[in-house]
Number of protein chains: 2
Amino acid sequence: MAMAQNVAQGDSPAQGQPARPDLAAMLVPLGRALMAAEQPILNAQGLTMWAYTVLLHLDEKPIRTQSALAEAIRADKTRIIAVLDALEARALIHRQPDPEDRRARLLSLTPEGRLLRDRVQYAIQQGEERLLALLPAEEREGFLRGLRTLSALPDLTLE
Amino acid sequence: MAMAQNVAQGDSPAQGQPARPDLAAMLVPLGRALMAAEQPILNAQGLTMWAYTVLLHLDEKPIRTQSALAEAIRADKTRIIAVLDALEARALIHRQPDPEDRRARLLSLTPEGRLLRDRVQYAIQQGEERLLALLPAEEREGFLRGLRTLSALPDLTLE
DNA sequence: GAGGTTAATATGCATGCGCTTACGATGTGC
DNA sequence: GCACATCGTAAGCGCATGCATATTAACCTC
C-alpha cells in the first residue's frame, strides 16, 4: 500500500529505491575524475586548466574582447588576465589592440598555440577513447550523442 | 599529407578539427548546471549539497565511521562534522557511539531523514526526467547506461 | 570639449575547500 | 601498565574562486 502511492505521476519510480543515481551525482564526480586525469597531460606542457580552456575556445573563432572570452568560458573577467599574460609570454596567443577600438584586445591563437592545443587535445582525446572503448558500441554512441545534446542546452532548469 | 600523418593509431581523428569536444569540457559544465538547477530544490528543504549527499549515501547502507562516510562522498573528514551536526539537530540522522568501539559513531538515517531524502530525490529526478525527455529514446538509454558504467569505474587514467 | 560609457587592469574581501596539526577519548598490543 | 594507533573534533593555513571597487585609457554623444 505504501509502496505505490507516491509513484503517481511520471513513469520514473524515483520514490523508495530509485532506479538510478541522480545525474549530478554521477556527472560531477566523473567530471572531476576526468579533469584530474587530464592534469598530468597539461602539466607536462606547462598549462593550467584555464589556459587550456582558453586555447580551446580561441581556436574555434578569434574573439574580440577579453570579457567575451571570460564569459564564454564562464571565468571571471579579472582572473583570466594572468592566464592571458602567461599564454602571451609563451607566444601561444596574440593579444593586439583592436585598430577599430583600441580599448579592446583582439585575441587569437598563434601557430604555436594551435599546435600545442592540437597536441594536448589529441593526447587527451586518445585517453578518452580508451575509456570509451570500455562501453559497448551503441552505448558509447548514445552516451556521446546525449552528452553533446545536453551540454549544448543553453540553461537547465529542473522546475 | 599533413592531414593524415597524425591519425595513425585509433579511429578517432582528434588532430586538426576534433570530432567532438573533450569529455570533461562537456561533463563539467553540465554537472555544474545540474547542481545549480538542484540548488533551489535543496534550499526549499534547508539542505546543503553536502547534507543531501550525506543523506543519499547513508540511505544505501548504515556507515560505521564518519571517516568512512567522508571518504565515500569524497569530502574532507573534518568538514562534514558541521554537516552531520546540522542533520542530527534536525533529527534527520542518528549518530550514536558504537557500543563495540565507543570512538566510532554509528550513522544511519532516521525515518524523517529517509522521508526527506525520498522527497528531495523524487523532485530532482522528476526534473531530470524532463531534461532526459529531450533525448530520443535509444540515445537516452545509451547516455544513462554509459554514464552509469563510466561513473562506476574505480579510478580513471588517461595514460 | 564635457559628460557618460566601455574595456582592460589592479586590488581587496569573503567564501569554500583540501590539507595539516593538535588534542582528548578510546581501543589494542606488548 | 605503557606505548602506540584510531576516531571525532577544533583550529588554522593556503589556494582558487566569485564579487565588488577603483583606475586608466579609449570611445561616443551632444
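By convention in this document, chain letters (A, B, ...) are assigned in the order of the sequence lines, proteins followed by strands, and residues within each chain are numbered from 1.
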How about [X]: does its [atom1] atom have over 12 heavy atoms from other parts shown lying under 6.0 Å from it?
X: B:R32; atom1: CZ; result: no
X: B:R74; atom1: CZ; result: no
X: B:Q39; atom1: CD; result: yes

Check your understanding: Does B:S67 put a side-chain nitrogen or oxygen below 4.0 Å from OP1 or OP2 of D:dT6?
Key ->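 Negative; the distance criterion is not met.
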Point to revise | Side-chain donor or acceptor of B:R119 paired with backbone N/O of B:Q45 under 3.5 Å | key: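 No; judged by distance alone, with no hydrogens or angles, the pair does not exist.
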Review point. Looking only at atom types and distance, does a side-chain atom of B:D22 sit under 3.5 Å from a main-chain N or O of B:A24, one as donor and one as acceptor?
Key: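 Answer holds: no.
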Check your understanding: A:L109 and A:R117: which non-hydrogen atoms are nearest, and at how many Å?
Key ->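 Taking every non-hydrogen atom into account, CD1-CD, 4.4 Å.
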Check your understanding: Ion pair present between A:R105 and A:E88, side-chain N to carboxylate O less than 4.0 angstrom?
Key ->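 Between A:E88 and A:R105 there is no salt bridge, as every charged N stays at least 4.0 Å from the carboxylate O atoms.
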Under 3.5 Å, which protein N or O atoms sit close to an N or O of nucleotides 13-21 of chain D? Give each pair with its distance.
{"from": "D:dT17", "atom 1": "OP1", "to": "A:W50", "atom 2": "NE1", "distance (Å)": "2.7"}
{"from": "D:dT17", "atom 1": "OP2", "to": "A:W50", "atom 2": "NE1", "distance (Å)": "3.1"}
{"from": "D:dG18", "atom 1": "O6", "to": "A:R79", "atom 2": "NH2", "distance (Å)": "2.3"}

Check your understanding: Which residues pass the side chain to side chain donor-acceptor pair (under 3.5 Å) test with A:T149, sequence neighbours left out?
Key -> B:E139
Review point. Among residues 81-106 of chain A, which residues get a heavy atom nearer than 4.0 Å to DNA chain D?
Key: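 Those residues are A:D101, A:R102, A:R103.
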Review point. What is the distance from CD1 of B:I80 to P of C:dG16, rounded to the nearest Å?
Key: 17 Å
Exercise for review: Could you check how far CD of A:E71 sits from P of C:dT6, rounded to whole Å?
Suggested key: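 Rounded to whole Å, this separation is 14 Å.
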